[in-house]
Amino acid sequence: MNAGLWFALACGGVRAGSTAAGRSSGYWAQPAGNERMRESPLAIQEGASAYLNKQYTTIAVVGVILAVLIGIFLGATTATGFVIGAVLSGATGFIGMNVSVRANVRTAEAARTGLNEALTLAFRGGAITGLLVVGLGLLGVTGFYVFLTANAAGSGLPSAT
């Protein structure tokens with residue numbers, strides 16, 4: 001595997017990892033409001049999780065059927081790409097919902113002191129989700145490219161090395 005691919009994998013890992021650990025640690029230290037304000041996101045998060053679990057269970061059934069059909073008609077490699085994309089898409093949905101629900105109460109608490117503080121926290125909460133999605137996307141695309149080129153090496157197709 002060439003240096004460019006290693007660099008892309010490292011960037012994806014660093015982006016996802018640093019966003020999850022570094023950027024979000026200070027964010028989650030922000031006050032989450034009074035007791036009543038902290039209860040609301042728990043109920044919302046419980047409902048959102050139930051919704052996502054139900055939705056993703058249904059999507060998984062359709063996804064498995066599609067993966068099998070793609071595998072039959074377009075090949076195992078294409079089906080593998082479909083599955084990787086579907087799993088990462090589902091992961092970003094869960095991450096986005098979790099971050100959004102937890103960020104909303106902090107934004108509401110910050111709004112008690114001023115609009116600028118609330119907008120700053122809202123923007124940072126969105127940035128956490130957005131940068132995690134970018135990191136996971138870069139990891140997924142690069143990882144799949146590595147998979148493709150590794151398989152192409154034995155098939156006579158051009159490889160990335």
Side-chain angles (χ1 to χ4, degrees), residues 1-25 27-28 32 38-108 121-161:
M1 185 164 61
N2 70 23
L5 291 176
W6 281 112
F7 181 70
L9 280 171
C11 286
V14 167
R15 170 52 52 214
S18 67
T19 300
R23 274 185 85 88
S24 62
S25 63
Y27 184 82
W28 302 126
R38 287 189 300 269
E39 289 174 5
S40 296
L42 295 176
I44 294 168
Q45 193 164 9
E46 184 179 330
S49 292
Y51 166 76
L52 284 176
N53 286 335
K54 179 66 175 166
Q55 181 182 24
Y56 285 175
T57 300
T58 304
I59 290 172
V61 170
V62 173
V64 167
I65 294 168
L66 284 173
V68 168
L69 290 173
I70 290 170
I72 291 169
F73 292 108
L74 300 175
T77 303
T78 306
T80 301
F82 173 78
V83 170
I84 290 170
V87 168
L88 289 176
S89 177
T92 58
F94 272 106
I95 291 167
M97 184 68 79
N98 187 25
V99 170
S100 296
V101 169
R102 292 176 58 200
N104 287 343
V105 70
R106 284 166 176 80
T107 302
L121 277 181
F123 181 78
R124 287 181 184 160
I128 291 169
T129 302
L131 291 172
L132 278 168
V133 167
V134 168
L136 286 175
L138 186 56
L139 281 173
V141 168
T142 307
F144 187 57
Y145 182 77
V146 168
F147 169 78
L148 288 174
T149 56
N151 286 338
S155 68
L157 297 173
S159 70
T161 56

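Starting from 1, each residue takes its place in the sequence as its number.
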Is there a donor-acceptor pair under 3.5 Å between the side chain of T142 and the backbone N or O of L139? no
Supply the atom-to-atom distance R124 CZ to R106 CZ, rounded to the nearest 0.5 angstrom. 13.5 Å
From CG (L121) to CG (N104), nearest 0.5 Å: 11.0 Å
Taking the side chain from S89 and the backbone from G85, do they hold a donor-acceptor pair closer than 3.5 Å? no
Could you measure the distance from the CG atom of L138 to the CG atom of L88? Nearest 0.5 Å is fine. 11.0 Å
Kindly indicate whether the side chain of N53, heavy atoms from C-beta on, has any atom under 4.5 Å from the side chain of F94. yes
Could you give the distance from CZ (F144) to CD1 (I84), rounded to the nearest 0.5 Å? 5.5 Å
Compare every heavy atom of A67 with every heavy atom of A79, then report the nearest pair and how far apart it is. CB-O, 3.5 Å
Hey, is CD on E46 packed in by over 12 heavy atoms from elsewhere, all under 6.0 Å? no
Out of curiosity, T80 OG1 to I70 CD1, how far, rounded to the nearest 0.5 Å? 10.5 Å
